[in-house]
Structures are given as C-alpha cells and as structure tokens.
Amino acid sequence: MNCHGPKMKMDPALHTERKPDWIKVRLPNDPKFWSTKSMITDLNLVTVCEEAQCPNRWECWGQGTATFMIAGEKCTRACGFCAVKTARPDALEADEPQRVAEATKRLDLKHVVITAVARDDLRDGGGEHFKNVINAVREVNPGIIIEVLTPDFNDKDFALELCMSARPHIFNHNLETVERLTPIVRSRAKYQRSLTVLQKAKAIAGGKVVTKSGLMLGLGEKEEELFKAMDDLLAHDVTVLTLGQYLRPTPRHLPVVEYIKPEKFDEYKQVALDKGFRHVASGPLVRSSYHAADFRPELDLIEDIEKEAASQA
C-alpha cells in the first residue's frame, strides 16, 4: 500500500476545476474553534473532520462538536474519493475509548458521531474497538445519543455483532455512490454488501436502532440511478439519508464531473421524503455527520436501547 492516495480510475479530463459560488467555506472566527482544536490535540485524538478534509470543520468546531475517528488515521483501502491516507495501520490504542469518552464529556456533547478507517488487517475489522468506545462514552455520558459511522467489516457477522452489542442509537454506513460507479469510487467495497450490512445491523438490534446512509453526488451518476439507490436503501430498512456534493481532495482523486445546484439538492430531498425516508439532509456541503444532532430518534426507542445497554453492562 502507498500513502499518497488512490490511482485515478476515471478520465481526469472530466474534472470541473472551477467551483461555483455556492461552494463556500467559512474560515474560523470563533474562539470555541480553537479551544476544540486544542482539546483534540491534548487528548491525542483523530477526527474525520481533519483527516477527510471536511468543508464544515470550521463551523462544527466553532460549535464545539467533532466526529471522532477511532482505530488510527491510516486506512487499509484506497477509495477514489477519500482524503484519508492509505498505509499499514498502527496497533489499536487500548486507552483510546477513555480518551474519546473524556472528549465528549469536555465538549458536553448531547450527540456524538464515532467513525473509523477500514481496518481489514484486523480479524474483526475493528468491531470490538467500536464496542469498547461506545461503552466508554455511555459510561461517562449517560443519556448521550451515540451514532456510529462504520466500515463494512467485510460483511463478517461476528464483527458487526460486536459493534451492535454496545447498542448505538444510530448505525450509519455510507453507500457513497450509485451501483454503477461503486467499483470505480469505492476500493474493495461492494454495493450489495453495504446494503446487506445496513439491513443486518437493524436485524441484530431487533429493529431497535436507526439506520442511516449517505451518497455523494457529482461523480457522474444519473438521476434514475440515484433514485434507484434511494429505493434500495429503503428496501434494506434505512430511514435516514444524507446527500452531499463530492469535492475532490487532490488531483490524484476522482474528478468532479458536475457541481449539483442547491435547488437540485432541495428537489432530491423532497423526492427522498416522498419515497419514505424519515429524515433527509441534502445540500452541497452536507456530509454524513453534518448537523447530525438535527435528527433525534424517538424517545421510546432511546429508552429501549438504554435499558438493553444497561442490562448488558
């Protein structure tokens, strides 16, 4: 594996270099941004906000929120869209669950998103590490909403079961793109496998979890392919959807074939809601965890999850 990013698998001449006016990122001017950054450095944590070059990190950190990326910052896959570096991962850090929990406490979070790189080098793909982090966060912050954004664990049931045994409130795994483009966009991932993992997560939890997924637009997908992906997600029990614009991290990554207009994102949101999704976040700068706390599971679902988590403690 090399750490310089994926090889180009799509004609680079397709790239639209000039960004439209609606793709704007505000630079930090809030002291809380710097205090959040300092805290993350102090606890030696990794955030997907920085590693994936999220365009919203200034806003989120300015609000004192962050998405924590566990299991290191080196991924075993080399997806054509992703800024996270590909390299041989380091060993898991035994104290990372406690450090993440401490960060959520210091930030006084009511909703936390925990994600991870793909760890195909581990037998369980990091499933037990997710479990340990979830348990540590819940112990320190009773009542916090815990959302996980996981890799596909290579569709290993025991690995997914390890993660789900800690009873997260929201299970997120991104489809990322339409079926036709999956072999180009997602290294070693499979469209149907991702759908299966989402459905299995719901089944393992006995239906007592919210399942969520996201798609990037502007990679050359056709509208009918996007609508089919929506239907496929609904058919696999996914009820929360995010839609955002793909932005090219470096010239080594896949080209931006099209910048989707904001009004089109609004249209797609309405289509998704009409199809049956319970909550949809759709816009050029929307990412999986952007304003994640805007959606909150029903109180009875939260209560059931907490009772089951307590009984397993």
Side-chain angles (χ1 to χ4, degrees), residues 20 22-23 48 52 54-56 59-60 67 79 81 111 113 115 145 147-150 152 168-182 185-186 189-203 205 207-247 256-298 301:
W22 60 81
I23 302 291
V48 74
C54 178
N56 304 306
E59 177 184 351
C60 294
T67 297
C79 296
F81 67 91
H111 185 123
V113 182
T115 189
I145 299 299
E147 176 175 338
V148 294
L149 171 56
T150 78
D152 61 21
H169 302 94
I170 301 171
F171 178 87
N172 186 355
H173 172 67
N174 283 333
L175 201 57
E176 304 292 11
T177 191
V178 299
E179 186 170 15
R180 175 178 58 86
L181 294 176
T182 295
V185 174
R186 303 175 65 204
K190 292 180 173 61
Y191 182 85
Q192 187 58 49
R193 182 165 70 192
S194 287
L195 292 170
T196 298
V197 166
L198 285 157
Q199 191 168 50
K200 283 182 178 179
K202 178 87 84 174
K208 294 178 181 178
V209 69
V210 174
T211 43
K212 173 180 176 180
S213 192
L215 291 139
M216 300 174 294
L217 307 186
L219 284 159
E221 69 286 337
K222 298 175 182 177
E223 199 167 73
E224 59 267 27
E225 293 175 318
L226 172 61
F227 295 159
K228 179 181 182 297
M230 291 181 186
D231 292 338
D232 289 341
L233 287 168
L234 286 167
H236 288 78
D237 303 322
V238 175
T239 56
V240 177
L241 177 68
T242 59
L243 300 172
Q245 171 71 51
Y246 166 64
L247 298 175
V256 178
V257 177
E258 181 183 5
Y259 286 104
I260 311 299
K261 293 182 178 180
E263 53 266 31
K264 204 66 179 174
F265 275 104
D266 293 340
E267 179 184 321
Y268 291 152
K269 176 178 181 176
Q270 192 57 53
V271 169
L273 289 171
D274 289 344
K275 283 178 175 291
F277 285 96
R278 288 177 50 212
H279 179 78
V280 181
S282 180
L285 296 181
V286 166
R287 296 297 181 265
S288 296
S289 54
Y290 180 60
H291 285 197
D294 288 351
F295 170 80
R296 183 177 175 85
E298 288 86 350
L301 177 62

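All figures in this text were calculated on a predicted structure; none of them were measured in a lab.
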A.B. asks: Do the rings of Tyr268 and Phe227 sit parallel, tilted or perpendicular, given the 30° and 60° boundaries?
C.D. replies: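 Because their plane-to-plane angle is over 60°, the rings of Tyr268 and Phe227 count as perpendicular.
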A.B. asks: Which heavy-atom pair separates Lys275 from Leu234 by the least distance, and what is that distance?
C.D. replies: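 So the minimum-distance heavy-atom pair works out to O-CD1, 3.5 Å.
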A.B. asks: Check whether Lys228 reaches the backbone of Val178 with its side chain - one donor and one acceptor, N or O, closer than 3.5 Å.
C.D. replies: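 Side chain of Lys228 to backbone of Val178, a donor-acceptor pair under 3.5 Å: no, none is there.
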A.B. asks: Salt bridge or not between Glu223 and Lys264? Use side-chain N to carboxylate O under 4.0 Å.
C.D. replies: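 Counted as a salt bridge, because a side-chain N and a carboxylate O are separated by less than 4.0 Å.
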A.B. asks: What do the steps show when you test Leu215 against Glu221 for side chain to side chain contact (heavy atoms under 4.5 Å, CB included), and what is the final call?
C.D. replies: CA-CA 11 Å; Leu215 291 139; Glu221 69 286 337; over 6 Å; no
A.B. asks: At what distance, to the nearest 0.5 angstrom, does OG of Ser194 lie from CD of Glu176?
C.D. replies: 8.0 Å
A.B. asks: Rounded to the nearest 0.5 Å, what separation is found between the CD atom of Glu298 and the NE2 atom of His169?
C.D. replies: 12.5 Å
A.B. asks: Looking only at non-hydrogen atoms, find the nearest pair between Val209 and Pro168 and report the distance.
C.D. replies: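 Taking every non-hydrogen atom into account, CG2-O, 3.5 Å.
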A.B. asks: Heavy-atom distance under 4.5 Å between the side chains of Tyr259 and Gln245, does that happen here?
C.D. replies: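 With C-beta onward as the side chain, the pair touches.
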A.B. asks: Do Asn174 and Leu149 come close enough that some side-chain heavy atom pair is under 4.5 Å?
C.D. replies: yes
A.B. asks: Which residue is it: Leu217, Leu226, Val185? I am looking for the one with a side-chain contact (heavy atoms from CB on, under 4.5 Å) to Thr177.
C.D. replies: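 Result: among Leu217, Leu226, Val185, Val185 is the only option passing the side-chain contact (heavy atoms from CB on, under 4.5 Å) with Thr177.
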A.B. asks: List the atom of Val238, the atom of Ser213, and the distance in Å for their closest heavy-atom pair.
C.D. replies: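 The pair with the smallest heavy-atom distance is CG1-N, 3.9 Å.
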A.B. asks: Atom CG in Leu273, atom NZ in Lys269: separation rounded to 0.5 Å?
C.D. replies: 6.5 Å
A.B. asks: Find out whether Thr211 and Leu233 are in side-chain contact, i.e. whether some heavy atom of one side chain is under 4.5 Å from a heavy atom of the other.
C.D. replies: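 Contact flag for Thr211/Leu233 side chains = no.
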A.B. asks: Side chains of His279 and Thr239, heavy atoms from C-beta outward: is any pair under 4.5 Å?
C.D. replies: no
A.B. asks: Within the distance-only criterion (no hydrogens, no angle test), does the side chain of Thr150 pair as donor or acceptor with the backbone N or O of His173 below 3.5 angstrom?
C.D. replies: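 No, Thr150 side chain to His173 backbone: no donor-acceptor pair under 3.5 Å.
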A.B. asks: Which atom names give the shortest non-hydrogen contact between His111 and Phe295, and what distance separates them?
C.D. replies: CE1-O, 4.0 Å
A.B. asks: Report yes if some heavy atom in the side chain of Tyr191 is under 4.5 Å from a heavy atom in the side chain of Arg180; otherwise report no.
C.D. replies: no
A.B. asks: Going through the distances and angles, do Leu195 and Leu175 end up as a side chain to side chain contact (heavy atoms under 4.5 Å, CB included)?
C.D. replies: CA-CA 7 Å; Leu195 292 170; Leu175 201 57; 4.1 Å; yes
A.B. asks: Going by atom types only, do Gln270 and Asp266 share a side-chain donor-acceptor pair under 3.5 Å?
C.D. replies: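 No, no side-chain donor-acceptor pair sits under 3.5 Å.
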A.B. asks: Inspect the contact between Asp152 and Arg193 and indicate whether a charged nitrogen and a carboxylate oxygen are less than 4.0 angstrom apart.
C.D. replies: yes
A.B. asks: To the closest 0.5 Å, what do you measure between CG (Leu198) and NE2 (His236)?
C.D. replies: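 Here the rounded value is 8.5 Å.
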A.B. asks: Any non-hydrogen side-chain atom of Val197 less than 4.5 Å from a side-chain atom of Phe171?
C.D. replies: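 With C-beta onward as the side chain, the pair touches.
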A.B. asks: Evaluate the side chain to side chain contact (heavy atoms under 4.5 Å, CB included) criterion for residues Gln199 and Thr196: first the C-alpha distance (whole Å), next the side-chain angles of each, then the deciding distance (0.1 Å), finally the verdict.
C.D. replies: CA-CA 5 Å; Gln199 191 168 50; Thr196 298; 5.8 Å; no
A.B. asks: State, with a plain yes or no, whether a side-chain heavy atom of Glu147 is found less than 4.5 Å away from one of Asn172.
C.D. replies: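 Counting from C-beta outward, Glu147 and Asn172 do come under 4.5 Å.
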A.B. asks: Quick one: does Glu225's side chain get under 4.5 Å of Leu181's, heavy atoms only?
C.D. replies: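 Not touching, per the 4.5 Å side-chain cut-off.
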A.B. asks: Any chance you could lay out the side chain to side chain contact (heavy atoms under 4.5 Å, CB included) test for Leu219 and Val257, step after step, and finish with the verdict?
C.D. replies: CA-CA 5 Å; Leu219 284 159; Val257 177; 5.5 Å; no
A.B. asks: Report the distance from atom CG of Asp231 to atom CD of Glu224, rounding to the nearest 0.5 Å.
C.D. replies: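 Going from CG on Asp231 over to CD on Glu224, the span is 12.5 Å.
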A.B. asks: Identify the two heavy atoms, one from Gly218 and one from Ile260, that lie closest to each other, and give their separation to 0.1 Å.
C.D. replies: N-CG1, 4.1 Å
